[in-house]
A.B. asks: 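Take a look at this one; I'll ask things after.
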Amino acid sequence: MSAHLLALSGPLAGRRVPLASSAQEGPLSLGRHPSNQLVVPEAAVSRHHCRIERDGEQFRVRDLDSRHGTCVNDVPVTERLLTEGDVLSLGASLFLVVGVASGADEGLPEPVVLDTRLTMPETATRLPDEGSRFLASPAHMLRRLGVDHEDGRALAALLAVARTAAEAPDAASLASAVLAELRTAVPASHAVFLGLERDGTFSRLDRPETSDTGAGGEPPDGPERAAVDAWQPAESIIDHVISEGQPTLFSGLGDVPVQAAASCAVICAPVAAHEPLAGVLYLERRDAPYTDRHLEITAAAAVIAGTSLARIDRHARLVQENQRLRGATQDGNHGLVGDSAAMNKVRTFINRVAPTDATVLVLGESGTGKEVVADAIHRASRRADEPFVAINCATLTDELLSSELFGHERGAFTGAIAAKEGKIELAHRGTLFLDEVGELPTGLQAKLLRVLEERRFERVGGTRPIRVDIRLIAATNRDLEQAIAAGSFRADLFYRLNVVSVALPPLRERGADIALLAHYFMRRHARRAGRMVGGLAPEARRRLIAYAWPGNVRELSNAIERAIVLGDGELLRAEDLPEALLELAIAPDAHSDRSDDAPKRYHEALNAVKRQLIREAVVATGGNITQAAARLDLHPNHLHRLIRNLDLREELSRLTPASDPC
């Protein structure tokens with residue numbers, strides 16, 4: 001099948017659009033304007049939204065600076081290669097990419113259609129309408145087979161056990177179904193299916209109401225129900241069977257010391273899921289002895305149950321792994337938004353270090369997403385199913401931070417009324433993330449170094465060493481080498497933390513990612529606020545890209561959230577953004593729509609008035625910013641920001657050469 005797009009939703013739903021089969025055919029342009037090869041008549045689609053062009057044997061989509069952005073698999077992109085099964089979204093229109101994995105199919109012969117119709121011979125025998133005797137219910141099968149002896153009932157019970165075990169969705173359903181069918185051939189006053197826990201103890205897998213019965217086989221009630229609830233299987237019998245590894249019948253219980261009546265008979269059979277022991281089947285009877293036949297039936301049921309338990313466990317592990325992989329990576333992005341070269345380097349770094357247990361040091365300015373990267377490393381590692389425990393070392397006092405990290409024993413200090421596990425202990429088998437590790441007090445640095453070297457520690461006020469298995473990821477916005485020179489950070493701890501490190505780029509160095517991040521935050525905050533937002537107005541987009549973002553990604557997220565909360569139109573407009581962005585001096589855009597000229601004129605006129613007032617105040621005070629701020633009734637820091645944003649520094653320097661206004 002040749003490569004094409006299949007419209008899943010929107011005004012073109014159901015339509016197939018072929019992609020270029022050769023480079024000479026040119027790219028496929030998509031947009032609202034009639035000049036596009038594929039016209040998408042939708043308000044949320046830009047006039048010239050994106051194009052898809054051939055790139056060797058593959059196809060590449062490029063966003064044409066569209067107002068609402070182009071997404072592949074719900075991730076905003078500027079350009080990327082398309083693969084089989086990708087979903088391309090333009091506004092509310094979704095297009096499935098089909099046929100690109102194997103390339104174009106020109107020149108291939110037409111597929112041969114085989115005639116698979118068969119002529120039924122006269123000797124063909126069909127299954128009777130009433131179905132197979134062996135697939136009927138056990139009782140009905142016995143009647144149809146004419147079998148009324150014990151072997152027939154045993155076979156019927158085991159067939160029912162196998163059928164129900166194969167259909168059981170979880171361990172509890174499996175255990176209850178196995179016991180219910182088994183008891184049709186092996187009578188029991190008490191029957192339990194015990195599962196082996198990780199700590200070596202047993203817990204009941206079956207539901208008690210389906211496995212405990214009173215006289216006559218009916219669920220017990222009143223005093224009889226209380227007697228059933230108080231009953232417990234004999235631990236000595238279970239221990240004996242586990243040690244021997246063989247199904248065993250106990251008559252009179254003379255061979256095994258257990259507190260029970262002499263007339264009690266017990267069958268206990270180990271249930272193994274392949275090699276490891278998964279649990280035991282335990283059946284007890286007081287009205288009559290068990291026979292060897294009962295033992296054989298129970299042993300066979302245990303084998304069937306073990307195979308099904310292995311299937312259920314394998315399925316659960318696959319589901320967990322699938323969820324982990326889906327959460328750890330979104331089309332290989334690890335939840336990171338951006339197509340810049342700097343972010344691609346970060347993704348490559350995550351892919352390389354995540355499968356290991358190496359200590360990682362994440363460097364970068366505040367707000368660059370250090371915790372996001374740490375979480376991505378954890379979710380892509382083999383510790384993903386274990387805890388990810390984060391703590392900010394800059395937000396607590398020395399005493400509280402020590403208690404938070406290492407925990408404390410009861411009475412260790414005033415107010416310690418109970419023992420408490422620390423973050424390190426809670427992160428056992430998982431990942432511990434220390435944010436702003438450069439702010440860690442010197443006294444705690446030595447304790448942390450010991451944890452990294454020996455993987456053990458003591459709680460505050462404790463003497464018992466606690467061993468932990470953790471992976472450490474640390475982050476800081478400080479220059480730790482300068483801190484070492486100043487004596488505020490230990491050199492040996494720095495070298496222990498700096499096994500592998502990555503420096504996150506500030507947002508001002510990721511200009512190509514700003515629009516993608518803005519669209520990502522716009523969708524997330526709009527969903528939380530319950531507001532429908534179509535996209536960014538061109539002027540708002542220009543100002544977002546032009547701004548320096550000293551607070552990095554965190555500041556951008558806050559700016560978009562503010563615009564979502566305060567705005568009320570279909571688009572996020574420039575006036576919805578924080579004031580700092582409105583004060584930017586931006587060159588006119590010759591390619592912008594005329595419909596946006598009015599707000600531009602308003603903001604430019606407003607900024608012109610601000611410039612004039614600042615000029616007059618600074619000149620009148622001889623370049624003294626503090627006095628000029630007082631004349632304007634502003635804080636000096638605010639005036640410094642206005643001078644920077646309005647690009648007045650050089651002009652004011654010329655007007656007041658004796659001083660530096662910034």
Side-chain angles (χ1 to χ4, degrees), residues 357-379 381 383-478 480 483-484 486-499 501 504 554:
D357 278 339
T359 301
V360 180
L361 180 61
V362 185
L363 307 171
E365 298 178 5
S366 178
T368 50
K370 297 186 287 294
E371 185 168 353
V372 174
V373 170
D375 185 61
I377 293 174
H378 169 74
R379 289 186 288 112
S381 73
R383 298 175 181 261
D385 294 333
E386 304 298 336
F388 176 80
V389 180
I391 184 171
N392 192 315
C393 300
T395 58
L396 300 172
T397 63
D398 293 5
E399 182 178 347
L400 288 177
L401 183 58
S402 178
S403 175
E404 283 294 310
L405 275 176
F406 301 100
H408 61 255
E409 298 291 352
R410 180 181 179 182
F413 50 84
T414 302
I417 60 176
K420 175 187 175 182
E421 294 181 338
K423 298 292 187 182
I424 297 176
E425 198 170 346
L426 292 174
H428 179 54
R429 296 180 180 173
T431 301
L432 176 66
F433 174 59
L434 298 181
D435 198 7
E436 303 303 342
V437 71
E439 308 297 329
L440 195 67
T442 307
L444 293 182
Q445 292 179 22
K447 293 183 178 180
L448 178 61
L449 180 62
R450 181 187 176 191
V451 173
L452 295 179
E453 291 178 343
E454 302 179 7
R455 289 301 194 266
R456 66 177 181 177
F457 66 98
E458 293 90 31
R459 293 177 181 171
V460 176
T463 57
R464 178 177 61 89
I466 300 174
R467 293 191 174 275
V468 289
D469 172 21
I470 61 171
R471 180 187 191 162
L472 182 70
I473 303 178
T476 183
N477 59 7
R478 296 183 59 189
L480 293 184
I484 292 172
S488 60
F489 201 83
R490 295 177 61 105
D492 49 2
L493 178 58
F494 169 72
Y495 297 130
R496 191 64 184 82
L497 293 175
N498 194 31
V499 178
S501 63
L504 302 187
R554 184 183 295 118

A.B. asks: Less than 3.5 Å apart, any donor N or O on the side chain of Ser366 or Arg554 sitting next to an acceptor on the other?
C.D. replies: yes

A.B. asks: Quick one: side chain to side chain contact (heavy atoms under 4.5 Å, CB included) partners of Lys447, sequence neighbours excluded?
C.D. replies: Ser402, Phe406, Leu444

A.B. asks: Run Leu434 and Leu472 through side-chain contact (heavy atoms from CB on, under 4.5 Å) and show every step you take.
C.D. replies: CA-CA 8 Å; Leu434 298 181; Leu472 182 70; 3.8 Å; yes

A.B. asks: Under 4.5 Å between any side-chain heavy atoms of Ile470 and Asp357, yes or no?
C.D. replies: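 No, every pair of side-chain atoms sits at 4.5 Å or beyond.
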
A.B. asks: Examine distances only and state if a side-chain atom of Arg490 and a backbone atom of Gln445 form a donor-acceptor pair shorter than 3.5 Å.
C.D. replies: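 Side chain of Arg490 to backbone of Gln445, a donor-acceptor pair under 3.5 Å: no, none is there.
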
A.B. asks: Yes or no on side-chain contact (heavy atoms from CB on, under 4.5 Å) for Thr476 and Val362, after CA distance, side-chain angles and deciding distance?
C.D. replies: CA-CA 7 Å; Thr476 183; Val362 185; over 6 Å; no

A.B. asks: Looking at Lys420 and Glu409, does any basic side-chain N land under 4.0 Å from a carboxylate oxygen?
C.D. replies: no

A.B. asks: Rounded to the nearest 0.5 Å, how far apart are CG of Leu401 and OG1 of Thr395?
C.D. replies: 7.5 Å

A.B. asks: With a 4.5 Å cut-off on side-chain heavy atoms, are Arg471 and Val360 touching?
C.D. replies: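 With C-beta onward as the side chain, the pair touches.
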
A.B. asks: If you compare all heavy atoms of Val499 against all heavy atoms of Ala358, which two are closest, and at what distance to 0.1 Å?
C.D. replies: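 Heavy atoms of Val499 and Ala358 come nearest at CG1-CB, 4.3 Å.
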
A.B. asks: State, to 0.1 Å, how close Val437 and Ala474 come at their nearest heavy-atom pair, and which atoms those are.
C.D. replies: CG1-CB, 3.9 Å

A.B. asks: Taking the side chain as everything from C-beta on, heavy atoms only, tell me whether Val389 gets closer than 4.5 Å to Phe433.
C.D. replies: no

A.B. asks: Could you give me the CA-CA distance, side-chain angles and deciding distance for Ile424 and Leu432, then say whether side-chain contact (heavy atoms from CB on, under 4.5 Å) is met?
C.D. replies: CA-CA 7 Å; Ile424 297 176; Leu432 176 66; 3.7 Å; yes

A.B. asks: Just so I know, are the side chains of Leu361 and Phe494 near enough to count as touching, which here means a heavy-atom distance under 4.5 Å?
C.D. replies: yes

A.B. asks: To the nearest 0.5 Å, how far apart are CD in Glu399 and NE2 in His408?
C.D. replies: 10.0 Å

A.B. asks: For Gly461 versus Ala412, what's the shortest heavy-atom pair and its separation?
C.D. replies: CA-CB, 3.9 Å

A.B. asks: Could you state the interatomic distance from CD (Glu453) to CG (Leu449), rounded to the nearest 0.5 Å?
C.D. replies: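 The distance works out to 4.0 Å.
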
A.B. asks: Evaluate the criterion salt bridge (charged side-chain N to carboxylate O under 4.0 Å, His left out) for residue pair Arg478 and Glu436; output intermediate values, then yes/no.
C.D. replies: CA-CA 8 Å; Arg478 296 183 59 189; Glu436 303 303 342; over 6 Å; no

A.B. asks: Would you say Lys370's side chain and Gly364's backbone share a donor-acceptor pair under 3.5 angstrom?
C.D. replies: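 Yes, because the side chain of Lys370 sits within donor-acceptor range (under 3.5 Å) of the backbone of Gly364.
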
A.B. asks: Nearest 0.5 angstrom please: Ser403 OG to Leu396 CG, how far?
C.D. replies: 9.5 Å

A.B. asks: Quick one: list whatever passes side chain to side chain donor-acceptor pair (under 3.5 Å) with Asp398, sequence neighbours left out.
C.D. replies: none

A.B. asks: Any salt bridge between Asp469 and Arg383, counting N to O under 4.0 Å?
C.D. replies: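 Result for this pair is yes, salt bridge flagged.
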
A.B. asks: How long is the straight-line distance from CD of Glu439 back to CZ of Phe489, given to the nearest 0.5 Å?
C.D. replies: 10.0 Å

A.B. asks: Let me confirm one number: the CG-CG distance from Leu497 to Leu448, rounded to the nearest 0.5 Å.
C.D. replies: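 Reported value, rounded in 0.5 Å steps: 6.5 Å.
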
A.B. asks: Is there a donor-acceptor pair closer than 3.5 Å between any side-chain N or O of His378 and the backbone N or O of Glu386?
C.D. replies: yes

A.B. asks: Apply side chain to side chain donor-acceptor pair (under 3.5 Å) to Arg450 and list each qualifying residue two or more places apart in sequence or on a separate chain.
C.D. replies: Glu454, Glu458

A.B. asks: For Cys393 and Leu440, work out which heavy atoms get closest and say how close.
C.D. replies: SG-CD1, 3.9 Å

A.B. asks: Using side-chain heavy atoms (C-beta onward) and a distance below 4.5 Å, is Ile466 in contact with Arg456?
C.D. replies: no

